[in-house]
Chemist: 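Sharing a structure here in structure tokens format.
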Amino acid sequence: MNNIVILPILLPLIVGVVLLLFAKNLKVQRVISGITMFALLGISLYLAHIVYYEGIKTLELGNWPAPFGIVLVADLLSSFMVLLTGIVGIVCLYFGFKTLSEARLKGYFLPFYLFLITGVNGAFLTGDLFNLFVFFEVMLISSYILIVHGGTKYQLRESLKYVIINIVASGLFIVGVAYIYAVTGTLNMADISVKVAELEQQGVLNVIAILFLLVFGMKGALFPLYFWLPKSYFGPPSAIAGLFGGLLTKVGIYCIIRVFTLIFYHDVAFTHHTVIMILAGATMFFGVLGAVSQFDFKRILSFHIISQVGYMIMGLAIFTPLALAGALYHIAHNIFVKSALFLYAGATQKVTGTTDLKKMGGLLKTHPFLGWTFFVAAMAMAGIPPLSGFFSKFALVLSGIQEEQYYIVFVGLFVGILTLFSMMKIFIYAFWGEQKLTDEEAKERKIGSVVVTILPLVALAVIMGLAAEPVFVYLLQVSEQILDPSNYINSVLKE
Amino acid sequence: MKSSLMLHTITRIVAFIILSFSVFLFFAGHNNPGGGFIGGLMTAAGLLLLYVSFDLKTIKRVIPFNYTTMIAIGMLLAIGTGVVSMFFGDAYLTQYFDYFQLPILGETELTTALPFDLGIYLVVVGVALLSILTIAEDDA
């Protein structure tokens with residue numbers, strides 16, 4: 001009985017509802033939501049702290065005992081993800097305060113922002129498969145509203161596709177939940193894990209495993225189901241695109257990692273080393289090819305989301321503690337840096353009025369602060385030591401070589417080069433070259449105060465790189481905990 | 001649309017029956033089929049009948065609620081019921097019940113599930129009417 005586990009879900013939900021009452025008063029909304037996000041970060045920090053020192057925390061909602069009622073479980077992985085959500089949630093919110101117009105903010109923007117955070121935290125913390133579906137829906141419905149918020153023609157067209165693909169995925173999710181209930185007779189994830197271990201994972205259980213991979217792969221933008229992502233993330237304003245690009249795909253990845261370490265871990269040669277490995281390679285490769293071919297700031301970044309997701313899945317495919325730690329490090333790195341880059345795209349758009357790289361140029365001369373901090377984030381993305389991207393790829397490549405999975409290592413390294421290439425392309429086109437703005441325009445369009453809101457993310461990318469050792473010590477503990485499902489099962493079922 | 005005398009007359013009677021039955025369903029919900037969701041839907045259906053047979057403006061004068069506020073209050077009520085148990089040191093959403101002697105009703109079971117259901121009821125009525133009326137106003 002630890003009510004602290006539900007607070008990261010409850011707090012944004014209650015505050016979101018309270019904000020509905022202040023629909024007309026934007027100032028009150030801003031103040032309340034600004035304070036809430038900091039409180040949420042504090043709670044997530046505390047949760048991560050006590051989970052680290054005292055072990056897995058569970059909460060049986062309504063005091064109904066474990067396999068029957070709904071359980072919330074905060075293990076090291078969940079509390080880590082909730083912490084990341086708290087951090088990126090604050091930065092995107094304050095960036096939104098600086099950049100979004102009043103008209104947009106007035107259309108119930110902030111309540112739905114908080115409901116989105118509710119859904120994301122719920123998906124991370126729940127220990128029940130059907131409840132996971134419910135929190136997915138909370139997250140998705142809020143994301144439908146945020147992605148279409150503002151209602152430009154482009155947004156309406158692309159978000160329709162986003163809604164359709166997600167409804168299809170949710171339908172398949174329910175089918176998967178129904179199948180697994182039919183086979184095991186339970187929906188509690190720990191209990192399912194026990195039952196699957198007894199039944200031995202073969203035949204229909206492998207089919208269910210692949211079905212779940214398909215569902216979460218759609219949400220997480222895996223090959224070949226990533227086609228919806230680049231266009232739909234191009235439409236919404238950058239504060240939203242940053243949050244979505246950083247966070248939402250990672251919820252899908254989190255679910256894949258959770259399901260394939262807790263439940264379907266018996267047939268590793270087939271599920272992990274074959275299916276997920278091929279998907280990882282293809283996702284990385286085709287994602288980065290898309291990025292190389294584009295000449296638009298936001299579109300390049302959207303395609304990069306896809307290729308970076310491949311690295312995370314690669315860690316799961318190799319399936320050793322070091323590889324999983326590398327994957328988790330990459331998730332954290334990617335949430336910070338990818339959100340930061342999307343926000344930079346927004347800041348650059350504020351200055352130049354476009355996201356087309358060919359129409360920009362010479363920003364380094366007129367806006368050096370924007371240019372150099374972007375450079376740091378872009379290099380972190382590309383994986384230049386000592387920044388954060390280097391260490392995740394290092395761990396992944398090292399564990400790949402240890403496990404003699406040379407193909408995936410080769411793909412990973414090759415994709416790394418192309419990533420560097422497309423990041424340099426942005427930098428060269430947008431920040432070098434001829435100055436496209438007149439001197440007066442450049443002086444008028446000051447962006448410093450907006451860039452300051454992004455800096456925490458860039459700083460975290462630098463700190464994660466410089467303090468890679470302690471971060472990896474922590475993440476190795478996380479991955480050892482999730483690689484031994486008995487930890488999770490014992491703390492939920494209390495056997 | 002031309003107003004129809006027959007529709008008006010029947011609506012006046014039927015709306016009352018629907019609304020009172022929805023209240024019955026709401027209270028039945030604890031141990032029998034019914035509850036906040038079904039009761040709320042039926043109330044929304046009854047109110048919607050009024051909106052259809054009379055026109056938007058007339059009914060808006062009769063029912064001057066802001067449905068967004070109604071949704072918010074309903075949700076606060078439902079969430080708040082869950083939070084109360086946290087103050088007693090129990091898990092979130094733990095429910096309590098006991099039997100009381102009330103003046104007219106005699107021995108009655110009072111539960112914390114009731115305010116929770118009332119919250120659901122308000123949310124369902126609010127959401128159903130808000131979404132339908134938004135579309136209707138869009139057209140006009």
Side-chain angles (χ1 to χ4, degrees), chain A residues 1-25 28-29 32 43 57-66 68-74 106-108 110-112 114-115 118 121-122 125-128 131 134 138 141-142 144-145 151 492, chain B residues 29-31 35-37 40 64-98 109 111-131 133-135 137-139:
Chain A
M1 220 293 297
N2 299 281
N3 273 320
I4 176 83
V5 180
I6 197 158
L7 284 183
I9 306 171
L10 209 52
L11 182 71
L13 179 63
I14 292 178
V15 174
V17 174
V18 170
L19 291 189
L20 284 181
L21 295 173
F22 296 101
K24 296 280 177 312
N25 194 337
V28 175
Q29 281 200 37
I32 294 179
I43 291 170
K57 296 279 169 196
T58 61
L59 172 66
E60 291 165 344
L61 289 177
N63 268 344
W64 300 103
F68 311 110
I70 291 171
V71 201
L72 296 183
V73 187
K106 269 197 176 153
Y108 298 104
L110 295 171
F112 283 106
L114 289 167
F115 292 150
T118 308
N121 277 344
L125 286 172
T126 186
D128 183 284
N131 201 229
V134 173
V138 172
I141 289 172
S142 320
Y144 299 154
I145 290 162
V492 174
Chain B
H30 193 53
N31 292 322
F37 187 80
F65 296 130
N66 179 348
Y67 290 116
T68 316
T69 319
M70 195 180 197
I71 295 170
I73 291 171
M75 274 179 79
L76 278 183
L77 201 59
I79 302 166
T81 323
V83 174
V84 168
S85 60
M86 287 165 73
F87 290 118
F88 293 122
D90 283 320
Y92 179 69
L93 279 180
T94 308
Q95 58 158 332
Y96 309 98
F97 63 94
D98 207 350
E109 187 191 13
T111 68
T112 55
L114 189 70
F116 180 82
D117 246 6
L118 185 64
I120 306 283
Y121 177 88
L122 290 175
V123 172
V124 171
V125 173
V127 168
L129 287 178
L130 183 65
S131 40
L133 292 185
T134 310
I135 297 169
E137 277 167 0
D138 222 30
D139 203 36

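Computed from heavy atoms alone, side chains included, the values below leave out hydrogens, waters and symmetry copies. Note that the coordinates shown come from a computational prediction; the quantities given were computed from them, not determined experimentally. The sequence lines fix the lettering, A, B, ..., with proteins before strands; numbering per chain opens at 1.
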Chemist: Considering only heavy atoms from C-beta outward, does the side chain of A:Asn3 approach that of A:Leu59 to under 4.5 Å?
Modeler: yes
Chemist: Would you compute the distance between atom OH of B:Tyr92 and atom CG of A:Leu72 and round it to the nearest 0.5 angstrom?
Modeler: 10.0 Å
Chemist: Tell me every residue that passes ring pair (Phe, Tyr, Trp, His ring centres under 6.0 Å) with B:Phe87, counting only those two or more places apart in sequence or in another chain.
Modeler: none
Chemist: So which part of A:Ile6 gets closer than 4.5 Å to some heavy atom of chain B, the side chain, the backbone, both or neither?
Modeler: side chain
Chemist: Got B:Ile71 and B:Met75 here, is their nearest side-chain heavy-atom distance under 4.5 Å?
Modeler: yes
Chemist: Out of A:Leu19, A:Ile14, A:Leu10, return the one with the most heavy atom pairs under 4.5 angstrom to chain B.
Modeler: A:Leu10
Chemist: Considering only heavy atoms, which portion of B:Ser85 lies under 4.5 Å from any heavy atom of chain A: side chain, backbone, both, or neither?
Modeler: neither
Chemist: Taking side chain as everything from C-beta outward and backbone as N, CA, C, O, which of these in A:Leu7 sits under 4.5 Å from a heavy atom of chain B? Side chain, backbone, both or neither.
Modeler: side chain
Chemist: Show every donor-acceptor pair shorter than 3.5 Å between a side-chain atom in residues 120-131 of chain B and any protein atom, with sequence neighbours excluded, or say none if there are none.
Modeler:
| from | atom 1 | to | atom 2 | distance (Å) |
| --- | --- | --- | --- | --- |
| B:Tyr121 | OH | B:Thr43 | OG1 | 2.6 |
| B:Ser131 | OG | B:Val127 | O | 2.7 |
| B:Ser131 | OG | B:Ala128 | O | 3.2 |

Chemist: Given that the side chain runs from C-beta out, which part of B:Leu76 has a heavy atom under 4.5 Å from chain A: side chain, backbone, both or neither?
Modeler: both
